Enquirer: 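Structure incoming, see below.
None of these values were measured; they are calculated from a predicted model.
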Amino acid sequence: MENSISPLYIKNQTRQERLNQLLEHSINRARSISSSQSRSNDSVRPERIPQQELSVRAAGGTMVLMKVGVGTFQTPIPYKTYYFIFDTGCEQIWLQCENCVNPPNKCFGEPPITFPNSKSTTYHQIPCGTHELCYTTHDKDGNCIYQCKDDFCSYDIEYADDSKIEGYLASEMFTLDASPSQNDINQDNVFNLIVGCNFSYEGEEVSTPEIGILGIGWGPRSFIDQTKTQLGDSFSYCFPSYEETLSGAQGYVNLGSDDEFDPKDFKAISLIEYDGYDSYYLNLNGIRFAGKRLPIDPFIFVRRNDKGGTVIDSGASFSYLIEEAYDELKKELIRYFEQRDFTRVNPGPDELQLDLCYKTLGHKSINEFPSVALIFDRVDFLLRPEHVYVWISDPSNTVCLNIMPFEGASILGAFQQSNFHFVFDRQKSLLYFKSENCKLGV
């Protein structure tokens, strides 16, 4: 959600500045995709928990945030509420804790948002090597050992943008129905999770509303794996478009069963897990432009030697295509725009990797431009014009292709996932989807 009263709103940012931040985040995210780690799964009959709101952020980093209650306090509402990045591309759950303010430690955020872990009666650090989810490392002789600091399980993570976090592993209570009255807390919505409690950050100064990451990828540390005995091995979500977020629109997520799900109303494609990786992979094998299949060898999309493949990632703002496929799409778009005498422009260094932009010559609707379909398992995933193009200037007179090339993998990012209802059935290894107006309450 982004509007003048939202914690996600940065009122002095222009449209261009918002897009630039999203693009920069997406580039770093794409570079890190191949390093996400993961492991196992299992399943039971899920319970039903309330549908949760997703706030779609249009500035400064990722797009999709979820509100969660954390901890146990002697207050009328016995937890504190925070925004977390809703991340299908990783397994980690972590939040920034109060010790980051103590030198020489450092926090992220201006001002930093911190969790007062010392005041929560349910916060417990994990002693070194006493839990199966403790991280491991290797000693100088190459032996696998537990990663510990001050006799407690610890971790340090370095991201593709060269930022680093360090923290302790702890158990803590997370409450999903994070906006009830003080007498209306359903204990079925409260979960004891193993999470990271960050005490140090290195990286660029950022202004950000989130306190951490809620990882729901493959892997035993993810929210889905830690709660599947209660909720089952599935989740679903639906969030509105970038343009709709500028008017305050929100989406929703169901962790566990989805009351709106009827398989006959959805298309289904393969959901693939690769050993050692958190991300959800898909079987992309072709692209259509304006209904015409492009001459692309399906083999270029195949993951081989631990590289390539196609990932669906809510933590990446925009989408990427493997370079050979992108080049074919770009060629068709250039032909389309030149036939209509559009003028190609250089968007300049501020637009980062948006390399195909045109002056629109009075065209005011993106819907006038052609659609693109990604072909998964011979099933078309139709990207409407609002998914494929973006206005980059105020007033809106320059339009760009908002899918970018990448040498490492193809990524279906949040911008292109908007207004689709996705259901991840991890037990059956299927991803269901259908087009839907995802604005909450519509």
Enquirer: Please confirm whether the ring centroid of Y79 lies under 6.0 Å from the ring centroid of F73.
Expert: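 No, too far apart.
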Enquirer: Looking just at side-chain N and O atoms, do Q416 and N402 make a donor-acceptor pair shorter than 3.5 Å?
Expert: yes
Enquirer: Provide the full list of salt bridge (Lys or Arg N to Asp or Glu O under 4.0 Å) pairs with a residue in residues 113-129, sequence neighbours left out, each pair given once.
Expert: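 Qualifying pairs: none.
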Enquirer: Within the side chain of N419, is there an N or O that forms a donor-acceptor pair under 3.5 Å with the backbone of C438?
Expert: yes
Enquirer: How would you list all residue pairs meeting salt bridge (Lys or Arg N to Asp or Glu O under 4.0 Å) that involve residues 95-107, not counting sequence neighbours?
Expert: K106-E205
Enquirer: Under the criterion disulfide (SG to SG under 2.5 Å), I'd like the reasoning laid out for C100 against C107: C-alpha separation, chi angles, the key distance, then a yes or no.
Expert: CA-CA 5 Å; C100 72; C107 310; 2.0 Å; yes
Enquirer: Does F261 have any ring pair (Phe, Tyr, Trp, His ring centres under 6.0 Å) partners at least two apart in sequence or in another chain, and if so, which?
Expert: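 Here the qualifying residues are F266, Y432.
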Enquirer: Cation-pi check for F299 against R304: NZ or CZ below 6.0 Å from the six-membered ring centre and within 45 degrees of the axis, yes or no?
Expert: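 Flagged: R304 positioned over aromatic ring of F299.
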Enquirer: Strictly below 4.0 Å, N to O, side chains only: are K434 and D262 in salt-bridge contact?
Expert: no
Enquirer: Can the ring centroids of W218 and Y277 be said to lie less than 6.0 angstrom from one another?
Expert: no
Enquirer: Do the charged groups of D380 and R288 touch, with an N to O distance under 4.0 Å?
Expert: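 Yes.
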Enquirer: Do the side chains of F86 and S314 get nearer than 4.5 Å, heavy atoms only?
Expert: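 Touching, per the 4.5 Å side-chain cut-off.
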Enquirer: Between F420 and F381, is the gap from one ring center to the other below 6.0 Å?
Expert: yes
Enquirer: Check whether any side-chain N or O of T72 sits under 3.5 Å from a backbone N or O of S120 as a donor-acceptor pair, and report yes or no.
Expert: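 A pair under 3.5 Å: no.
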Enquirer: Taking the six-membered ring for Trp, are F235 and F424 parallel (under 30°), tilted (30 to 60°) or perpendicular (over 60°)?
Expert: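 Plane angle under 30°, so parallel.
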Enquirer: Looking at Y168 versus H124, is the centre-to-centre ring distance below 6.0 Å?
Expert: no
Enquirer: Tell me whether R221 forms a cation-pi arrangement with Y135, defined as NZ or CZ under 6.0 Å from the six-membered ring centre and within 45 degrees of its axis.
Expert: yes
